[in-house]
Visitor: 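Got a structure here, written out as structure tokens. Questions coming.
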Amino acid sequence: MSELLQAVVESQEKKDLRDFIDLLRRDGSHRYLLRNDILNAFSNFCEDHQKESDYSQTSALGRLIYYTQELILEYETLYLIVRPQIAKQESYRVFDDLSFEPLTIQELLDVRDRYVNHYHPEEGDVFEIDFQPFYDYSPIIKDSKNIGRGVDFLNRYMSSKLFQDPNQWLTAVYNFLSLHHYNGITLLINGRIRDQKQLSTQVKRALAFVSDLPQDKPYEDIRFELQDLGFEPGWGNTAGRIKESLEILDELIDSPDNQSLEAFLSRIPMIFRIVLVSVHGWFGQEGVLGRPDTGGQVVYVLDQARSLEKQLEEDIELAGLQGLGVKPKVLILSRLIPNNDGTRCNERLEKVYGTENAWILRVPFRERNPEITDNWISRFEIWPYLETYAIDAEKEICAEFEGKPDLIIGNYSDGNLVAFLLARRLNVTQFNVAHALEKSKYLFSNLYWQELEKTYHFSIQFTADLIAMNAAQCIISSTYQEIVGRPDSVGQYESYQNFTMPDLYHVVNGIELFSPKFNVVPPGVNENIYFPYSKTEDRIPSKIEQVEELLFYSNDESQVFGKLDNPEKRPLFSMARLDRIKNLTGLVECFGKSPQLQEHCNLILIAGKLSTSETTDSEERDEIEKMYRLIDEYNLHGKIRWLGVRLPKSDSGEVYRVIADHQGIFVQPALFEAFGLTILEAMISGLPTFGTQFGGPLEIIQDQVNGFYINPTKPEETGQKILDFVQKCEKQAEHWNRISEKAMERVYSSYTWKIHTTKLLSLARIYGFWNFTSKENREDMLRYIESLFYLIYKPRAQALLEKHKAQ
Ligand code: UDP
Ligand code: LCN
């Protein structure tokens with residue numbers, strides 16, 4: 001990048017750079033510009049200076065601006081933070097005379113502190129958090145396009161090391177196979193195979209034995225012969241399956257390669273009990289969605305639990321363990337909320353519908369401050385209660401399982417912190433899922449944390465994030481860009497690489513993005529609930545009628561605001577929680593600004609509540625007020641319906657389908673969306689979908705192929721895009737169908753729970769194997785993490801507790 005900057009200052013473009021900086025200084029409203037502002041400012045500059053239309057692509061300055069993520073103006077100096085490629089950052093100080101020099105991360109963090117008047121070197125240095133040294137001796141991916149495929153890399157890397165020494169390799173395999181038990185039952189091999197040499201001979205003998213048998217002979221019929229040879233249950237349910245497993249092992253012993261290792265490990269029965277941690281609630285199966293903080297995470301975890309149980313059952317059956325009473329169990333750990341507000345969140349145990357052995361286990365917060373802990377607590381206020389919660393939860397989990405879990409998966413910042421505490425205490429593999437990291441959702445959330453602390457407590461949350469993401473053996477992300485963004489935008493995890501929390505700490509390296517711990521495993525949709533509108537045989541006519549009535553006609557003012565003048569118009573539909581980032585009010589504004597769109601379409605929203613008196617959440621209250629204001633301002637009466645309902649899941653599936661019956665459109669206008677389950681739901685139902693270009697939808701949707709991107713910060717442009725589509729559909733009846741078909745195809749080919757859980761379980765086994773064999777010493781990093789927990793997290797959480805007590 002320094003060459004590009006050099007090219008600018010050594011060419012005629014030097015004057016342009018000077019003029020651009022002048023313009024920024026004159027404008028004065030922003031001294032700290034983020035990418036969107038920078039691009040807007042530059043396009044104003046090009047207009048003012050009557051530049052050629054392709055100037056931003058052809059000039060060196062244009063290209064420099066394209067890569068610039070942040071721009072800070074300080075007296076006579078300008079700071080440029082550029083991102084020449086994914087997961088790389090460079091910073092420069094550009095002086096008044098346009099000479100420049102690179103900036104270290106430490107210097108950059110100081111500049112940012114100075115910008116907010118929190119730079120006090122005379123009072124001593126600020127605390128620096130640096131995780132880099134702990135990653136220096138672990139395997140690191142080289143090429144950024146392989147980020148998110150950590151397990152393939154890890155497998156190749158570790159096996160090539162291990163296979164070099166056949167003796168060490170064989171010992172590792174033997175030790176690993178000797179390890180497995182289920183409730184006192186020995187699995188895989190027994191004491192008759194005394195060492196690795198014997199393992200090799202016995203595998204061949206057993207192979208000879210099973211090869212002569214009919215392939216479908218059940219395992220039970222040959223159990224004792226195999227036991228004599230040293231083999232216990234777990235190799236397969238039939239002679240044929242056992243033969244396959246032993247063949248892979250035989251090959252692994254004689255001529256190992258990483259693919260057969262992966263195939264072998266995916267057959268090993270080593271996971272039976274899984275904990276999914278989703279703490280903050282409301283966590284339940286009915287009447288919880290659409291509340292503040294309760295959306296996709298609950299849907300995701302419930303579907304994941306169902307799918308995991310099913311997959312584990314299939315695996316157990318194939319491994320030949322079903323007859324032995326081996327049964328998988330999945331626990332969703334959440335908090336018990338005594339004041340349940342009509343939900344089942346005050347019940348300790350609730351079975352997950354449609355499963356044999358998946359349960360929601362709710363554990364209450366130990367601190368007794370009934371005004372607070374008996375009620376739902378926002379995710380921003382939950383921190384003081386989590387440490388003791390983890391201790392109490394550990395006992396409950398172990399009692400439920402009658403032993404330890406095999407895998408703990410955290411969800412969101414609070415669940416991941418609890419997963420870390422549990423995994424550390426129980427010495428179990430920890431996986432993280434983030435759903436959303438607030439740091440990138442709220443712009444400047446770290447720089448202005450002190451001002452925001454009263455409402456958001458980001459100092460505690462971001463510390464918890466650093467702790468959990470570094471402690472986890474594996475981070476499951478839903479998209480690639482969740483980790484490292486796109487060529488033109490920073491990823492969620494990437495934003496933890498370095499940042500300042502002025503007066504608290506500087507993070508000079510918060511996470512290693514090239515670590516193989518990152519794996520992209522997108523979720524799916526519940527296909528029993530969300531399926532194509534055209535599958536009429538699975539739809540219930542009375543339900544369709546009921547949903548039609550609710551969406552377009554019912555006058556029940558307790559549930560619906562607005563009556564449509566012309567219900568026949570094409571519906572634009574959206575459904576989301578009413579928080580600021582979801583930006584449903586932005587969609588109303590976009591609709592309001594386009595009289596033409598109003599001519600062709602109605603707007604139908606399912607969102608939160610209709611009255612501010614029904615909510616205690618400040619963002620929800622603000623959004624409700626704004627919604628009414630906008631409806632009046634643009635006089636949308638007769639053209640909009642706003643449903644403040646909490647639908648049972650089965651109805652919500654039918655809602656999308658009924659909208660599709662009307663050849664409607666789904667719009668997801670969030671300012672930022674980590675993944676966006678509603679996009680999958682809409683697409684599988686067959687709805688042409690317009691999704692925000694900020695976040696996950698960018699990977700789910702392929703623009704113009706199976707949906708469309710929108711920029712929610714540009715309401716006019718968004719309105720026009722939707723209008724163009726509507727007009728095209730009116731001209732060519734087939735256009736709607738084409739996009740609808742492609743949308744359904746997209747979900748079925750890439751976003752199913754079956755794909756998700758197969759991958760997840762394979763990851764769990766492979767990470768489990770490598771943790772065991774490599775004896776990777778993470779203790780130094782974990783000790784460092786613990787000090788962050790005790791010295792930063794805990795005192796701050798304690799202070800918040802005192803605040804709660806004083807309320
Ligand atoms: N949802 C719902 N009713 C509502 C709002 C949302 O059933 O009033 C469901 C929606 O169908 C989806 C989930 O909640 O399954 C929202 O997930 P998404 O990933 O879109 O957003 P999140 O709320 O997690 O940010
Ligand atoms: C939370 C979000 O904000 C969504 O983007 C995700 O789809 C959801 O969780 C499930 O991961």
Side-chain angles (χ1 to χ4, degrees), residues 276 278 280 282-304 379 409-416 432-438 440-442 476-479 481-482 492 520-527 529-530 547 550 559 573-584 604-610 615 617 619-620 623 642-657 659 666-685 687 689 691-692 694-700 751 753 756:
L276 309 175
S278 174
H280 56 249
W282 309 93
F283 199 105
Q285 304 185 76
E286 273 161 274
V288 295
L289 292 176
R291 291 167 189 255
D293 301 1
T294 313
Q297 181 173 328
V298 171
V299 176
Y300 176 108
V301 175
L302 273 172
D303 286 348
Q304 190 186 48
R379 68 193 188 283
I409 309 179
N411 285 274
Y412 189 71
S413 308
D414 54 351
N416 287 329
N432 279 13
V433 179
H435 298 289
L437 290 166
E438 305 296 340
S440 35
K441 262 168 91 176
Y442 291 81
I476 303 290
S477 79
S478 297
T479 58
Q481 60 101 40
E482 181 180 329
Q492 286 189 69
V520 180
V521 189
V525 263
N526 186 332
E527 292 163 41
I529 295 174
Y530 304 102
V547 169
L550 176 71
Q559 290 198 318
F573 170 62
S574 196
M575 169 163 77
R577 297 177 291 114
L578 256 193
D579 74 20
R580 194 174 64 75
I581 306 279
K582 289 288 179 198
N583 193 35
L584 282 186
I604 299 185
L605 303 173
I606 298 191
K609 310 244 175 69
L610 297 176
T615 179
D617 186 81
E619 274 194 23
E620 192 171 43
E623 286 296 295
W642 167 16
L643 284 70
V645 288
R646 232 170 260 130
L647 297 173
K649 265 278 85 156
S650 54
D651 288 7
S652 83
E654 198 49 48
V655 165
Y656 291 103
R657 289 189 290 273
I659 297 285
F666 184 73
V667 190
Q668 211 287 16
L671 298 174
F672 179 80
E673 186 61 67
F675 182 71
L677 288 176
T678 52
I679 302 233
L680 289 190
E681 294 165 0
M683 286 172 77
I684 199 173
S685 310
L687 280 172
T689 297
T692 177
F694 301 119
L698 211 54
E699 264 168 70
I700 307 174
Y751 297 96
W753 279 111
H756 176 97

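All values reported here derive from a predicted model rather than from experimental measurement. We count ligands from 1, going down the list as the structure has it; atoms in each ligand are counted the same way.
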Visitor: For atom 8 (O) of ligand 1, what's the nearest protein heavy-atom neighbour? Residue, atom name and distance, please.
Guide: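 I find the closest protein heavy atom is Gly290 CA, 3.7 Å.
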Visitor: Provide, to 0.1 Å, the distance between atom 2 (C) of ligand 1 and the closest protein heavy atom, together with that atom's residue and name.
Guide: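 I find the closest protein heavy atom is Leu289 CB, 3.8 Å.
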Visitor: Check each heavy atom of Lys649 against ligand 1 and say whether those closer than 4.0 Å belong to the side chain, the backbone, both or neither.
Guide: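 The part of Lys649 near ligand 1 is the side chain, not the backbone.
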Visitor: How far apart are the closest heavy atoms of Asn416 and Val433, and which atoms are they?
Guide: ND2-O, 3.0 Å
Visitor: Students should be able to answer this: which protein heavy-atom is nearest to atom 12 (C) of ligand 1, and at what distance?
Guide: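 Going by distance alone, atom 12 (C) of ligand 1 is nearest to Glu681 OE2, 3.3 Å.
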Visitor: Tell me the protein heavy atom at minimum distance from atom 6 (C) of ligand 1, and give that distance in Å.
Guide: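 For atom 6 (C) of ligand 1, the nearest protein heavy atom comes out as Met575 CG, 4.1 Å.
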Visitor: If only side-chain N and O atoms count, and only distance matters, is there a donor-acceptor pair under 3.5 Å linking Tyr656 with Thr678?
Guide: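 Tyr656 and Thr678 do not have a side-chain donor-acceptor pair below 3.5 Å.
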Visitor: Within the protein, flag every N or O under 3.5 Å from an N or O of ligand 2, and note the pair and distance.
Guide:
residue, atom, partner, partner atom, Å
ligand 2, 3 (O), Glu673, OE2, 3.3
ligand 2, 5 (O), Glu673, OE2, 2.3
ligand 2, 5 (O), Ala674, N, 3.4
ligand 2, 5 (O), Phe675, N, 2.7
ligand 2, 5 (O), Gly676, N, 3.1
ligand 2, 7 (O), Gly676, N, 2.8
ligand 2, 7 (O), Leu677, N, 3.3
ligand 2, 9 (O), His435, ND1, 3.3
ligand 2, 11 (O), His435, ND1, 2.5

Visitor: Do Glu623 and Lys582 meet the salt-bridge criterion of a basic N to acidic O distance under 4.0 Å?
Guide: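 Here Lys582 does not pair with Glu623 in a salt bridge, since their nearest N and O are not under 4.0 Å apart.
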Visitor: I need the Leu677 CG to Tyr751 OH distance, nearest 0.5 Å.
Guide: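 Spacing of CG (Leu677) from OH (Tyr751) equals 11.5 Å.
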Visitor: Which residue and non-hydrogen atom of the protein lie closest to atom 23 (O) of ligand 1, and at what distance in Å?
Guide: Arg577 NE, 2.7 Å
Visitor: For the residue pair His280 and Asp293, confirm or rule out a side-chain donor-acceptor distance under 3.5 Å.
Guide: no
Visitor: Any idea which atoms of ligand 1 are less than 4.0 Å away from a heavy-atom of Val299?
Guide: 13 (C), 15 (O)
Visitor: For a 4.5 angstrom cut-off between non-hydrogen side-chain atoms, does Trp642 reach Leu584?
Guide: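 They are not in side-chain contact.
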Visitor: Students should be able to answer this: which protein heavy-atom is nearest to atom 18 (P) of ligand 1, and at what distance?
Guide: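 Checking every protein heavy atom, the shortest distance to atom 18 (P) of ligand 1 gives Leu677 N, 3.6 Å.
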Visitor: Compute whether any side-chain donor of one residue and acceptor of the other, for Glu673 and Thr692, lie under 3.5 angstrom apart.
Guide: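 No, because no side-chain N or O of Glu673 sits under 3.5 Å from a partner of the opposite role on Thr692.
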Visitor: Look at atom 25 (O) of ligand 1 and say which protein heavy atom is nearest, naming residue and atom and giving the distance to 0.1 Å.
Guide: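 For atom 25 (O) of ligand 1, the nearest protein heavy atom comes out as Lys582 NZ, 2.6 Å.
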Visitor: Over all heavy atoms of both residues, which pair between Met575 and Phe666 is shortest? Give the atoms and the distance, please.
Guide: N-CE1, 3.7 Å
Visitor: Is Arg646 in contact with ligand 1, taking contact as a heavy-atom separation below 4.0 Å?
Guide: no
Visitor: Identify the closest protein heavy atom to atom 16 (C) of ligand 1: which residue and atom is it, and at what distance?
Guide: Gly296 N, 3.3 Å
Visitor: For Tyr530, counting its heavy atoms only, list the atoms of ligand 1 lying under 4.0 Å from any of them.
Guide: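 Reading through ligand 1 atom by atom, the close ones are 11 (O).
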Visitor: Relative to each other, are the rings of Trp753 and Tyr300 parallel, tilted or perpendicular (30° and 60° limits)?
Guide: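 Ring orientation of Trp753 relative to Tyr300: perpendicular.
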